[in-house]
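Just below is one structure, and these are the notes that go with it.
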Amino acid sequence: MTLTELKYIVAVARERHFGRAAEACFVSQPTLSVAVKKLEEELEVKIFERSAAEVTVTPLGQEIVRQAQVVLEQAAAIKEIAKRGKDPLAGPLRLGLIYTIAPYLLPDLVKQVIERARQMPLILQENFTVKLLEQLRLGEIDAAILAEPFPDTNLAVAPLYDEPFVAAVPRDHPLAARDSVTVDDLKRETMLLLGNGHCFRDHVLQVCPEFARFSDHSEGIQKSFEGSSLETIKHMVAAGMGVTLVPRLSVPKGALEGAGAPAEGDAGYVRYLPLAGEPPTRRVVLAWRRSFTRYEAIAALRNAVYACELPGCRRLT
């Protein structure tokens, strides 16, 4: 049994396809197939069920793949321990972020990491919460910046900041003349929502739960529309299709400074308004596997986030 063989079975389990697994491991498909078959013969068990349509993992194979992932992670930890003796921050950090955080936090965060830990380049990707949690579990990424709540997967979690929600309305909407709006004001409007899979959609529905019943049909005058990204939603607002809630960091610079303030990025067609009283917020956190050994890298990343501007947000330590 070799670490290479363990790497191959983890790849096959992830891709559910020998060809794609071989590409991910940068080897030919015959090489990977022979290695997997050799490991199955050595263990005298069938790890995968093979068919013309797809590859599935047997129940026993699932346990073997999970243990293989642990072994690979521990082997990688040995290398990381050796690196830390020379430079605790040496080497890239694989970071995932959800779609409603990445575009607004990353420009400043990447700058802060370069200034503070140039030897630790970030390998970045955006995805849904559920996918990032799976990638963390499989060791495909090292850490993720997410918004609570999410399923308990026995990860280490550190709070970063609380981010308030802001209302976005068309510039010529009657609400646009106000200094602030209430949740009750929004309940009388057509609400624009992100599609299923976005946790921010769930956050908005927690604030305005009555819109949940309009998400699956278009009966009645009051209803909701769905978009694929926050920027798409903003363009829909600018076109006069409705109103929405957005996280504070997504608000263009200066757009909350008054009715005449320019709104960068949307040609001034959207008016951003704070919510009266105690605004709803979301808690943004950093999550990583408890077995991840680069503690200094996690600390450096947290400090880089805290060094970002984070306008309107409350930093948490």
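What you see below is based on every heavy atom in this structure, not just the backbone, and it leaves out hydrogens, waters and symmetry mates. If you read the sequence from its start, that first residue is 1, and numbering goes on from there.
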- Message: Has Thr244 got a side-chain atom pairing as donor or acceptor with Leu192's backbone, closer than 3.5 angstrom?
- Response: yes
- Task: Side-chain contact test, heavy atoms from C-beta onward, threshold under 4.5 Å: evaluate it for Glu126 versus Pro103 and give yes or no.
- Result: yes
- Establish whether Ile98 and Leu138 are linked, either directly or via other cluster members, by ILVMFWY side-chain heavy-atom contacts under 4.5 Å. no
- Query: Can Thr100 and Arg282 be said to form a side-chain contact (heavy atoms from CB on, under 4.5 Å), step by step?
  - Reply: CA-CA 11 Å; Thr100 57; Arg282 66 174 178 179; 2.9 Å; yes
- Just how far is it from atom CG of Leu160 to atom CG of Leu310, taken to the nearest 0.5 Å? 8.5 Å
- Are the side chains of Glu140 and Glu134 in touch, meaning some heavy atoms are under 4.5 Å apart? no
- Query: If we only count heavy atoms from C-beta on, is the Leu194 to Leu230 side-chain gap below 4.5 Å?
  - Reply: yes
- Message: Can you confirm whether more than 12 heavy atoms, excluding those of Gln62, are under 6.0 Å from its CD atom?
- Response: yes
- Query: Between Lys111 and Asp108, is the closest basic N to carboxylate O distance under 4.0 Å?
  - Reply: no
- Query: Out of curiosity, Met191 CE to Ile233 CD1, how far, rounded to the nearest 0.5 Å?
  - Reply: 10.0 Å
- Task: Drop me the distance from Arg248's CZ to Asp162's CG, to the nearest 0.5 angstrom.
- Result: 14.5 Å
- Would Leu105 and Cys308 count as a side-chain contact (heavy atoms from CB on, under 4.5 Å) if you check the C-alpha gap in whole Å, the side-chain angles of each, and the deciding distance to 0.1 Å? CA-CA 8 Å; Leu105 179 63; Cys308 293; 4.1 Å; yes
- Inspect the contact between Glu40 and Lys46 and indicate whether a charged nitrogen and a carboxylate oxygen are less than 4.0 angstrom apart. no
- Message: Any non-hydrogen side-chain atom of His17 less than 4.5 Å from a side-chain atom of Glu54?
- Response: no
- Go through the side-chain N and O atoms of Gln125 and Gln135 and say whether any donor and acceptor fall under 3.5 Å apart. yes
- The single option from Leu132, Leu106, Val284 passing side-chain contact (heavy atoms from CB on, under 4.5 Å) against Ile145: Val284
- Could you work out the complete set of other residues in the hydrophobic cluster of Val10, with links drawn between I, L, V, M, F, W and Y side chains under 4.5 Å apart? Met1, Leu3, Leu6, Tyr8, Ile9, Val12, Phe18, Val27, Leu32, Val36, Leu39, Leu43, Val45, Ile47, Phe48, Val55, Val57, Leu60, Ile64, Val65, Val71, Leu72
- Task: Using a 4.5 Å cut-off on heavy atoms from C-beta on, say whether the side chain of Leu95 contacts that of Leu109.
- Result: yes
- Query: Using 4.0 Å as the upper bound for N to carboxylate O, is an ion pair formed by Lys234 and Glu231?
  - Reply: yes
- Query: Are a donor atom and an acceptor atom from the side chains of Arg314 and Thr281 found within less than 3.5 Å of each other?
  - Reply: no
- Query: Is Leu249 reachable from Leu316 through a run of hydrophobic residues whose side-chain heavy atoms are each under 4.5 Å from the next?
  - Reply: no
- What closest approach, in Å, do Gly139 and Arg289 show between heavy atoms, and which atom pair accounts for it? CA-NH1, 3.5 Å
- Query: Can you hop from Ile114 to Leu124 via hydrophobic side chains spaced under 4.5 Å?
  - Reply: yes
- Query: Side-chain contact, heavy-atom cut-off 4.5 Å: Arg178 with Asp185?
  - Reply: yes
- Hey, is CZ on Arg290 packed in by over 12 heavy atoms from elsewhere, all under 6.0 Å? yes
- Query: Do Ile123 and Tyr99 share a hydrophobic cluster, counting only Ile, Leu, Val, Met, Phe, Trp and Tyr and linking them when any side-chain heavy atoms are less than 4.5 Å apart?
  - Reply: no
- Query: Quick check: does any side chain N or O of Glu163 sit under 3.5 Å from a backbone N or O of Cys313, one acting as donor and the other as acceptor?
  - Reply: no
- Residue pair Val157 / Phe150, side-chain heavy-atom distance below 4.5 Å: yes
- Message: Please report the interatomic distance CG(Leu155) to CZ(Phe292), rounded to the nearest 0.5 Å.
- Response: 12.5 Å
- Task: Under the side-chain contact (heavy atoms from CB on, under 4.5 Å) rule, what do Glu189 and His173 come out as? Steps first, then yes or no, please.
- Result: CA-CA 11 Å; Glu189 304 296 330; His173 193 284; 2.9 Å; yes
- Item | Candidate pair Leu286 and Ile298, rule side-chain contact (heavy atoms from CB on, under 4.5 Å), full reasoning | CA-CA 9 Å; Leu286 178 64; Ile298 294 297; 3.9 Å; yes
- Item | Hydrophobic cluster identity match, Val70 and Trp288, side-chain contacts under 4.5 Å | no
- OH of Tyr269 to CG of Asp172, rounded to nearest 0.5 Å, is 10.5 Å
- Message: The test is salt bridge (Lys or Arg N to Asp or Glu O under 4.0 Å); show your working for Lys38 and Glu5 and say whether it passes.
- Response: CA-CA 9 Å; Lys38 175 178 173 292; Glu5 290 168 351; 3.0 Å; yes
- Would you find more than 12 non-hydrogen atoms of other residues, nucleotides or ligands less than 6.0 Å from Glu278 atom CD? no
- Item | Heavy-atom side-chain contact between Val113 and Leu93 under 4.5 Å | no
- Query: When rounded to the nearest 0.5 angstrom, what is the spacing between CG in Leu97 and OG1 in Thr129?
  - Reply: 10.5 Å
